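Data first, discussion second: the structure below is written as structure tokens.
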Amino acid sequence: MDEVNRFGGRVTSRDGTTVAYERYGEGDGPPLVLVGGAPGAADGRALAGLLARHLPVVAYDRRERGGAEREVEDLAAVLAAVGPGAAVHGTGTGGVLALAAAAAGLPVGPVSVYEPPHADVPLGRVSARVLVVDGGFSPAETRRAARELAAALPRARHRTLTGQTHEVAPHVLAPVLAEFLTEFLVESLVEERGFPGGS
């Protein structure tokens, strides 16, 4: 992971809070913004290092206090810094935040979530393409909730990772996210250029 280029930055959220982030990898395309599963840390550095071999990745520090509305504003500030159309991936409560941001109309590209807990998010307002992922060794109720979430979203699909729990292994999740984002880019190019059908 250390061979991947990495640099840090800071943005200011709407209420004046400074949000620190790290950008991994190179490239001019829209990056993937990782939303960690716990406030107070940019967890997901291992996942960022793996994904940065394919595309730019941004991980940022979630605030420890402030509530969901402030956290959406923090994510909005990060997205403004990295450019419109960035993909967003959230794990656990980070997944809820990613969906809340999409529902609020932030300029996001595709969204992926890993086992987000139930949250009061207006799912019908999420127009982004969404991948909902769970672990095959996670509790049955967690996997059922993931399937129900995918069914409730307008443009979502569901995938279970065999042998994984809520503590998903980065090397297992990374290729699934990379595949999802690649498919999205191909579909977007097909739609943009008006090619009939897809490959």
Side-chain angles (χ1 to χ4, degrees), residues 19 21 30-48 50-51 57-64 66-79 82 86-161 164-170 172-181 184:
V19 180
Y21 69 88
L32 170 64
V33 176
L34 298 179
V35 186
D43 60 351
R45 288 182 173 90
L47 180 61
L50 291 168
L51 287 167
V57 181
V58 173
Y60 73 97
D61 295 338
R62 290 179 57 188
R63 69 169 72 201
E64 296 187 23
E69 183 178 350
R70 293 300 186 204
E71 286 220 74
V72 170
E73 292 173 356
D74 293 350
L75 180 51
V78 173
L79 289 168
V82 302
V88 179
H89 171 76
T91 297
T93 59
V96 176
L97 179 54
L99 292 172
L106 295 188
V108 300
V111 174
S112 57
V113 296
Y114 188 85
E115 295 191 356
H118 174 73
D120 187 18
V121 175
L123 300 177
R125 295 184 188 171
V126 178
S127 61
R129 233 178 251 284
V130 181
L131 175 65
V132 181
V133 189
D134 61 25
F137 281 179
S138 290
E141 58 268 25
T142 300
R143 290 183 282 120
R144 182 174 59 252
R147 291 192 301 271
E148 291 173 353
L149 173 61
L153 288 160
R155 303 172 68 200
R157 75 173 95 160
H158 170 258
R159 181 156 177 186
T160 296
L161 302 185
Q164 296 301 302
T165 65
H166 188 66
E167 300 299 323
V168 62
V172 175
L173 182 58
V176 173
L177 298 184
E179 178 185 11
F180 171 61
L181 296 174
F184 174 82

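Computed from a prediction, not measured in an experiment: that's the story for all the values here. Just the heavy atoms: all of them, side chains too, but no hydrogens, waters or symmetry mates, feed the values below.
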How far does [atom1] of [X] sit from [atom2] of [Y], to the nearest 0.5 angstrom?
X      : Y      : atom1 : atom2 : result
Leu177 : Leu50  : CG    : CG    : 10.5 Å
Thr142 : Asp134 : OG1   : CG    : 8.0 Å
Glu148 : Arg143 : CD    : CZ    : 12.5 Å

Could you go through the side-chain contact (heavy atoms from CB on, under 4.5 Å) check for Val88 and Leu79 one step at a time? CA-CA 9 Å; Val88 179; Leu79 289 168; 4.2 Å; yes
Under a 4.5 Å cut-off applied to non-hydrogen side-chain atoms, are [X] and [Y] in contact?
X      : Y      : result
Val35  : Arg62  : yes
Leu51  : Leu181 : no
Leu97  : Val72  : yes
Leu149 : Leu123 : yes

Taking all non-hydrogen atoms of both residues into account, name the closest pair between [X] and [Y] and its distance.
X      : Y      : answer
Ala86  : Val33  : CB-CG2, 4.1 Å
Tyr60  : Leu75  : OH-CB, 3.8 Å
Phe180 : Val130 : CZ-C, 4.0 Å
Ala150 : Ala156 : O-CB, 3.5 Å

With the threshold set at 4.0 Å, does a side-chain nitrogen-carboxylate oxygen contact exist between Glu73 and Arg70?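 Result for this pair is yes, salt bridge flagged.
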For Arg125, all residues meeting side-chain hydrogen bond (donor to acceptor under 3.5 Å, both in side chains), sequence neighbours excluded: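 Scan of Arg125 (side-chain hydrogen bond (donor to acceptor under 3.5 Å, both in side chains), adjacent residues dropped) gives none.
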Without swapping roles, check the side chain of Arg147 against the backbone of His158 for a donor-acceptor pair under 3.5 Å.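 Looks like no, no N/O pair under 3.5 Å.
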Ignoring hydrogens and geometry, is there a side-chain-to-backbone donor-acceptor pair from Arg155 to Ser127 under 3.5 Å?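 Yes.
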Show the atom names and distances, to 0.1 Å, of all donor-acceptor pairs under 3.5 Å that link a side chain in residues 100-121 to residues at least two apart or in another chain.
unit_1, atom_1, unit_2, atom_2, d
Ser112, OG, His89, ND1, 2.7
Tyr114, OH, Gly135, N, 3.3
Tyr114, OH, Thr165, O, 2.6
Glu115, OE1, Ser138, OG, 3.3
Glu115, OE1, His166, ND1, 2.7
Glu115, OE2, Gly135, N, 2.9
Glu115, OE2, Ser138, OG, 2.4

